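Chain letters run A, B, ... following the sequence lines, proteins first and then strands; every chain starts at 1. Everything numeric here is computed off the predicted structure, so don't read it as measured data.
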Amino acid sequence: MKRRVRIFFLLLTTTAFPTLAQSPGSISGFVRDAQTGETLLFANVYLSATSYGAATNTYGFYVIAGIPAGEYDLTVSYLGFETHTQQVTIEENRNLRIELELTPFSVDFGAVTVVADRLEAEDARQISLAKLPAARIANLPSILEPDVFRSLQLLPGIKAASDYSSGLYIRGGTPDQTLILLDATTVYNPSHFFGFFSTFNADALKDVRVYKGGYPAEYGGRIGSVVDLYNKDGNRRKTSGRLSLGILASRVLLEGPYSKGSWMIAFRRTTLEPLLSALQNQDIQGIPNQFYFYDLNAKINLDLSPDDKISIAAYAGRDFLDIEVIEDTDILLEYGNRTLSARWTHILSETAFSGITLTSSRYFSDPRFSIAGTKVTRDNTVDDFSIKADLELLFNRNHSLKLGTWTGLFKLRLLDRFDNLDSFSERINTGYGSAYAQHTFLAGSGMTLTSGLRASYFGNGQYFRIEPRFSADYQLRETVRLQISAGRYHQFLTLISNEAFSGFDVWLTTADGVPPSYGDQLVGGVKWSLPRGYKLDIEGYYRTMTALFELDPFVGDPAGLEYEEFFHFGSGWASGLEVFLERSTGRLNGFLGYTFSVTRRQFPTLNDNRPYPPKYDRTHDVKLVTNFELGRNWRTTAAWSYATGQAYTEPASRYRLNDFPFGSEPINAIVSPFNRARLPAYHRLDVGFDKRGRFFGFADYTFRLQVLNAYARNNTWFYFFEFEDDDTVDRTTVPQIPVPIPNLSLTLDF
Amino acid sequence: MKYVLLRALIAFLALVVSACDTTSSSIHEDEVVVESYLVAGEDISTVRLTLTSEIGSRYDASQLGIRNATIFVRLLSETGDSEFEIEYVHDENRPGIYIPADPHTILAERTYALEARVPGHGIVTAQTIVPGTFSVQCVNATSVQYQGPVQFEQTVTVSAYPGRQSVFVFSLEALEPSIATLTPFYLDVIYEISSGEEYDASSLDVEELDDFLQNSSPPINEGNYIVNPDGTLTIGLPWFAIVFYGESRVHTSAIDDALFDFLRYQQVQQGGTTLSPGEIPNVLDHIEGGRGVFGSFSRISTVVNVLR
């Protein structure tokens, strides 16, 4: 480890001492959508016929520095928008503030021509970074509701555990190894319907970025990946709205300007009550007395001055189920999330940008069971209050520096009660903090070096950890980039969850005797911009997962145990190769992704302490997504997935304890090599058709018909083995979604 | 580039088809299964030896019983030496069951070792530490009304076990089982009959009740209960454990590590934990050279009458 740190500092010292000469001249400003005034994140801004350029940051702000005096063509491009070029005159030692606006392409895709290879911001093609525009999420075929995470699961390297789970298994990591941020605020249980849907309303989102691995020093806290979501700021030009009526839920979005900025509010709620009522009237068993989920996203932006902006964003989501499955039972399940963030961004100078964010996040889960008069309850909350400060400095054309801190208070309360007695109680109140420095050096000849260092502290257990990060980007040719990144990552939290049900999720932390898990990642890739708007990304990765601490599945009853006895400690590794071919423009667009991956985990309590593939391990994975504009008002979408089988345990033998003293009957046990067999291959086709037009002259409408699992593939979720009365063992196939699922929706934009 | 997507798709499909995962079928091996339970203060019990069975075949205990083994159970001293040993003899009327040749009362908080020499399968050994005995100090009632204001509670002394808290299994043995005495919850669980729904008991299969004649809890830690000032524990009987109205015998058993580990691992095999569905771990056996349970426990029993 010491040697690695020395290497890191060597890299830092060779790249982190910029020449602090005055910039000859610079340009800076925001890039916005001309129709709505929304800032555009990671738009590409450059001076044509030069190598001067930059991408907008997460606030939509760009800076190009070190420009020699003279006349230039300033060009800005962004996917889905018409490229804009204007002449600028750069004077020595002066900054030119230019606010740029881009006009979205019209829906007449026939008129769209494939534009320059630099269409997409180079920043958006960072190594291991996947960016999914909200519009694409809305268009993809979905199970009843547009779903951000299910859309992400179509990207190479990101897998789903099953059709029933929106959890993200990224590059061999479990869902808790991915940091989920909504407007810079951690979201602890990003699910609805107990894991079936992700919690984010696609209408309310502006941008979704996924760092699948090797992520930079500005992020931390998870050993795997980062999903960074941004809510819309709201339309700054006019008041507008969107109303969507669907089978499961309906959504409404309103946004508009006011004297000092913009606002946005989006609400979604299930509308199943009439259906549930009808089913109850027919006396069908197992129908919930009540079931709903809702979520609310709101954001308001206040422009204090051209250089000072404040935004306040809030999210509230809740799932509720009341069901009586069997006589004399009552099950009440309730969980949800609340987030609140306030962000102040300040432009210190033409080359310095700062942001301060206050965040608050609450996750709660309060299941209540009453079974034959016995009450079982859980009160589980996570509260996370934090403050973040970030500073971006551009020293000159070649050197930029990002600095930041993130400090907070993490509070966990978990109280289980059984039969009116406390059966388990855990309270954790701990502070945490981190700081990072990230230096980017344009070394010339197309080489960009980014080195960073992150230091993290977690109060529970008093762990202090250093995380070096490094990446290099080399422009081999105008259309080919070679990239590499490496880093160490630490994680102080672990999630107790189940692939099939996320409603009882519990987060636990490090403590004395429970050290943080950590992992090293090495990623290498090539990005190739092909003619006619095609892009090809190939990435290989290897990552380790060390000191994993997860709830020991064999603990059973935790009452009276020491905290460290809840866990089993293990390790793992994952490697893979991802190929991503994308065409973002033209009448026929979409992408083809392929992943080859191997994941192994090792825990003393499983598989005789030998490495094993977890269930979510799939060796080969192919995804094909296409959009085709049939005409001005018609569009088809298709998504086809193929994956080789997941690992599972095929029993070899059984034995029986015939005289077992507890229970009326003998008790059986299975003997089997753990997860050594593979389920049949998985494949599924989802298709969708959109019809667009005007709705009685006052709104644009989109009528959407989608069919999931169009050819009714009966994929296997898992096998269930049951001991039968005739002394045989019966294997039952539990299917994934086995039948075509239609989905109808009508969306009005006004 | 016109057909880039199509060509790439074909290439990938070819790769996938040619490089699919191989699915290895599981291979069964005959292993010796030990089954014996020592109860503190009670006569030493029998030992049953069987073989594991291939998963696809029908289980037949008599066919799988091992007849020609040599078995000894030894009481060990603190230093691990044998204080005395009991030889077992095979019961020819019950294949696989071995009977102790000499009588012996199991001693609490002592270690017993089993050794079985099985021709063709080597030596199988196991040890158990017998949990300390404990007793019922008092009960709050001998008769309670189902889901009434008073729950049945017993106050018990603590059972000792080296290195950990006591772990209990509660079993409710029905003394008056019948379809007519089923509580509403279990009437629905077993026969899918809701309360108020009329039914003809004579048309229902009474054998369905067999699984519920003795209803047992999973292992429950001593830490669940409040320790009284005098060091005793007050343990309530949850309503949902009651399957039948009428008299039931409540057995409270403090179990050893072999039983504890078997139960908690076997429970995970049934699913519902943090493991993904389809992931089935093996049970943690305390048997060298075989599988099964050579376990022990201490137990107390009381009777409660549950009124409608």
Can you confirm whether [X] is buried at [atom1], in the sense that more than 12 heavy atoms of other residues, nucleotides or ligands lie under 6.0 Å from that atom?
X        : atom1 : result
A:Asp725 : CG    : no
B:Glu207 : CD    : no
B:Glu192 : CD    : no

Between [X] and chain B, with a heavy-atom cut-off of 4.5 Å, which part of the residue counts as in contact: side chain, backbone, both or neither?
X        : answer
A:Val734 : neither
A:Ile371 : both
A:Phe596 : neither
A:Ile667 : side chain
A:Asn668 : backbone
A:Tyr616 : neither
A:Asn658 : both

Compare every heavy atom of [Y] with every heavy atom of [X], then report the nearest pair and how far apart it is.
X        : Y        : result
A:Ser672 : B:Asn282 : N-OD1, 2.8 Å
B:Glu35  : A:Arg656 : OE1-O, 4.1 Å
A:Ala669 : B:Phe262 : CB-CE1, 4.2 Å

For [X], is it the side chain, the backbone, both or neither that has a heavy atom under 4.5 Å from a heavy atom of chain A?
X        : answer
B:Leu284 : neither
B:Arg58  : both
B:Val189 : both
B:Leu259 : side chain
B:Tyr146 : side chain
B:Thr183 : neither
B:Leu263 : side chain
B:Leu237 : backbone
B:Val167 : neither
B:Leu64  : neither

Among [options], which residue forms the greatest number of heavy-atom pairs with chain A at distances under 4.5 Å?
options                      : answer
B:Pro184, B:Pro277, B:Gly56  : B:Pro277
B:Phe185, B:Phe297, B:Phe212 : B:Phe185
B:Gln147, B:Arg264, B:Glu173 : B:Gln147
B:Gly295, B:Ser36, B:Gly292  : B:Gly292

Among [options], residue most engaged with chain B (heavy-atom pairs, under 4.5 Å):
options                                : value
A:Glu499, A:Glu550, A:Arg654           : A:Arg654
A:Leu657, A:Ile326, A:Asn607           : A:Leu657
A:Pro558, A:Ser162, A:Gly373, A:Gly663 : A:Gly663
A:Pro614, A:Ser497, A:Pro666, A:Pro661 : A:Pro661

Looking at [Y], is its backbone amide N or carbonyl O close enough to the side chain of [X] to form a donor-acceptor pair, meaning the two atoms are under 3.5 Å apart?
X        : Y        : answer
A:Glu327 : B:Ile193 : no
A:Ser664 : B:Gln214 : yes
A:Ser653 : B:Glu54  : no
A:Asp557 : B:Ile220 : no
B:Asn221 : A:Ala559 : yes
B:Glu279 : A:Lys615 : yes

Can you see whether A:Asp419 engages B:Gln151 through a side-chain donor-acceptor pair at a distance of less than 3.5 angstrom?
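There is such a pair (donor and acceptor under 3.5 Å, judged by atom type) between the side chains of A:Asp419 and B:Gln151.
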Under 3.5 Å, is there a donor-acceptor pair between the B:Tyr59 and A:Asp726 side chains?
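A:Asp726 and B:Tyr59 do not have a side-chain donor-acceptor pair below 3.5 Å.
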Give a yes or no on whether the ring-centroid distance for A:Phe369 and B:Phe240 is below 6.0 angstrom.
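Not close enough - the centres of the two rings lie 6.0 Å or further apart.
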Going through the checks in order, is the side chain to side chain contact (heavy atoms under 4.5 Å, CB included) test met by B:Gln165 and A:Leu561?
CA-CA 9 Å; B:Gln165 60 182 320; A:Leu561 298 183; 3.7 Å; yes
Is there a side-chain contact between [X] and [Y] (heavy atoms, below 4.5 Å)?
X        : Y        : result
B:Ile226 : A:Leu421 : yes
A:Tyr655 : B:Ser53  : no
A:Tyr648 : B:Ser276 : no
A:Phe721 : B:Ile280 : yes

So how far is it from [X] [atom1] to [Y] [atom2], rounded to the nearest 0.5 Å?
X        : Y        : atom1 : atom2 : answer
A:Arg676 : B:Ile27  : CZ    : CD1   : 8.0 Å
B:Ile55  : A:Phe723 : CD1   : CZ    : 5.5 Å
B:Ser57  : A:Asp727 : OG    : CG    : 10.0 Å
A:Asp422 : B:Asn224 : CG    : CG    : 10.0 Å
B:Ile97  : A:Asp659 : CD1   : CG    : 5.5 Å
A:Ser370 : B:Trp239 : OG    : CH2   : 12.5 Å

So, applying side-chain contact (heavy atoms from CB on, under 4.5 Å) with A:Phe662, which one of B:Ser216, B:Ser217, B:Pro219 is it?
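So, applying the side-chain contact (heavy atoms from CB on, under 4.5 Å) to A:Phe662 and each of B:Ser216, B:Ser217, B:Pro219, only B:Ser216 qualifies.
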Using side-chain contact (heavy atoms from CB on, under 4.5 Å) as the criterion, point out the one residue from A:Asn498, A:Leu606, A:Thr649 that pairs with B:Leu275.
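That would be A:Leu606; it is the only one of A:Asn498, A:Leu606, A:Thr649 passing the side-chain contact (heavy atoms from CB on, under 4.5 Å) with B:Leu275.
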According to the interplanar angle, ranging from 0 to 90°, do the rings of A:Phe660 and B:Tyr37 count as parallel (below 30°), tilted (30 to 60°) or perpendicular (above 60°)?
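Rings of A:Phe660 and B:Tyr37: perpendicular, as their planes differ by over 60°.
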